[in-house]
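Below: one structure, written as structure tokens.
First the proteins, then the strands, lettered A, B, ... as listed; each starts at 1. The shown structure was predicted, so the numbers you read here are calculated from the model rather than taken from an experiment.
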Protein chains: 2
Amino acid sequence: MSPYPFRRLQIELAELIHSLPAEARLPSEPLLAKQMGVSRATLREAMRTFEGQGLIRRRQGVGTFVAPKVPVMDTGLEVLESLETIALRSGMTVRMGELQVEKVAADESLAKLLNLEVEAELTCVTRIIFTEQRPVAYLVDTLPLDILGVEELESGFTGSVLDLLLKRGAPKLTQSRTEIKAIGATSEVARALQIQRDAVLLHFAAQLYDEDSRVVDYSDSYFLPGYFRFHVVRRVG
Amino acid sequence: MSPYPFRRLQIELAELIHSLPAEARLPSEPLLAKQMGVSRATLREAMRTFEGQGLIRRRQGVGTFVAPKVPVMDTGLEVLESLETIALRSGMTVRMGELQVEKVAADESLAKLLNLEVEAELTCVTRIIFTEQRPVAYLVDTLPLDILGVEELESGFTGSVLDLLLKRGAPKLTQSRTEIKAIGATSEVARALQIQRDAVLLHFAAQLYDEDSRVVDYSDSYFLPGYFRFHVVRRVG
DNA sequence: CAGTGGTCTAGACCACGAG
DNA sequence: TCGTGGTCTAGACCACTGT
């Protein structure tokens, strides 16, 4: 039935994980591998699946734990909202961390996305969004320097470029064009979200437009599975 | 700079892949590992990234090849359309394969999604969508048996339950509620799409509604990255 | 049959976090 | 300092493909 140990392992691990209460600690990898009768490499392959589903949490130097049940941020994609707004509506709180603000020059790709010249001056804003338990999203916004200067982000920035622009009232924002992909985590994003390299992530690449149809912001958003539920209502015909 | 061989490997592999013409064959894994000065396991880890991006294609028993440049099916998510329709609009052709039609009984999860009793009789339609080069999507539709009988699918079914229902004209479809996730491929889906286990996929879970707000179809769609570009326009405020 | 990618093992060393 | 998970190695066997 199961030619490979992997399937059996997954089943046994699923049973083990479900039999334990939230926050419980699993045996160490070498021990668990011995108990399951497989090598540590194979065990880790199987564990990846469960981490990807948000069922376990691995912390280097500490151990592996059953993930706590977590409320989900549920939202439609018809309206552009900040994660802060979505969280608020879901009765959750999020906070921002590891904020980095840089002045950068547009490369070919960014120039195209923002409809600017190559080498144009840009503000690049990188940060991590945390729930109470863990980091759940990694966000990178890139804007023309004349739309949002570096100094404007140095105090009072709470994590959302969208909310900042809306509060400021200018430029007047109209819509966002968001491209939706599934990707594996790069090393950089993996570290930020405390997951393994190549873990599965949902990726939004969004261009934000103002009333003059100028692109005022390009953003990359990386979402950890299990903490968000994005849906869209599609009309027929 | 790069504490691990992995980063360097990725760079060297990227150069190698980009230096080769489409369809070119890469050296075998043991040879390439030796050339790159890493173990085969590490090489394969790095290769996964490129396969996930659709840049290479691995075929067991044959070899690893640079992926041909492929047209992309670009579509907005505001309107529900079949993959056949989207492909047509993109000037591509797709075909269906490995069609499986089963009569099944609703489990708790399906009953909830279709708003039916547990054990209700359902028609389950599974198939793979192929472009000229390769399988690119794995689709599973589940409908109440009285909406679509097994016999109706035995001839002339071209791959889209949506198109079939639209052509029939009843029930009258109004909209679909689609939930969007990123997931790792299960063994089943991985085999169908000829990719590695846990390869990253975009997943749509959709409930299709008729004019009486009944759920007439629940579908799971798994999309290979690189062949589709899904986008949505989000309005501000 | 030979050669490919797919899986698995046993063991090693490293980076990190807690005591 | 110690134990954890993160990475990597060298080698083995299996499943699949084409000849």
Under 4.0 angstrom between [X] side-chain N/O and [N] OP1 or OP2:
| X | N | answer |
| --- | --- | --- |
| A:Thr64 | D:dT4 | no |
| A:Arg58 | D:dG6 | yes |
| B:Ser39 | D:dG11 | no |
| B:Ser28 | C:dG3 | no |

Between B:Arg48 and B:Glu45, does any NZ, NE, NH1 or NH2 come within less than 4.0 Å of an OD or OE carboxylate oxygen?
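A salt bridge is present here (some side-chain N lies under 4.0 Å from a carboxylate O).
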Over how many whole Å does the gap from [X] atom [atom1] to [N] atom [atom2] extend?
| X | N | atom1 | atom2 | answer |
| --- | --- | --- | --- | --- |
| A:Arg57 | C:dC16 | CZ | C1' | 14 Å |
| A:Arg59 | C:dC16 | CZ | P | 15 Å |
| A:Arg48 | D:dG6 | CZ | P | 11 Å |

Flag, side chain of A:Ser160 to backbone of A:Leu162, donor-acceptor distance under 3.5 Å
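Looks like yes, one N/O pair under 3.5 Å.
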So if I take every side-chain heavy atom of [X] and compare against [options], which nucleotide ends up nearest?
| X | options | result |
| --- | --- | --- |
| A:Arg44 | C:dC8, D:dG5, D:dC8 | D:dG5 |
| A:Val38 | C:dT9, C:dT7, D:dG5 | C:dT9 |
| B:Val62 | D:dT17, C:dT7, D:dG5 | D:dT17 |
| B:Arg40 | C:dG17, D:dG5, C:dG6 | C:dG6 |

Which residues in residues 13-26 of chain A have at least one heavy atom lying under 4.0 Å from any atom of DNA chain C?
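When residues 13-26 of chain A is checked for heavy atoms under 4.0 Å from DNA chain C, there are no hits whatsoever.
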Set of salt bridge (Lys or Arg N to Asp or Glu O under 4.0 Å) partners for B:Glu132, sequence neighbours left out
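Partners of B:Glu132 by the salt bridge (Lys or Arg N to Asp or Glu O under 4.0 Å) criterion come out as none, since no residue qualifies.
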For B:Arg59, which residues count as a salt bridge (Lys or Arg N to Asp or Glu O under 4.0 Å) partner, sequence neighbours excluded?
none
If we check salt bridge (Lys or Arg N to Asp or Glu O under 4.0 Å) with B:Glu51, which of these qualifies: B:Arg197, B:Arg58, B:Arg57, B:Arg134?
B:Arg58
A side-chain contact here means heavy atoms from C-beta on lying under 4.5 Å apart; do B:Ile86 and B:Met92 qualify?
no
Answer whether the closest heavy-atom distance between the side chains of A:Leu20 and A:Arg25 falls below 4.5 Å.
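The answer is no, as the side chains (C-beta and beyond) never meet within the 4.5 Å cut-off.
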Closest to the 5' end of DNA chain C, once A:Thr42 and A:Gly61 are matched to their nearest nucleotides, is A:Thr42
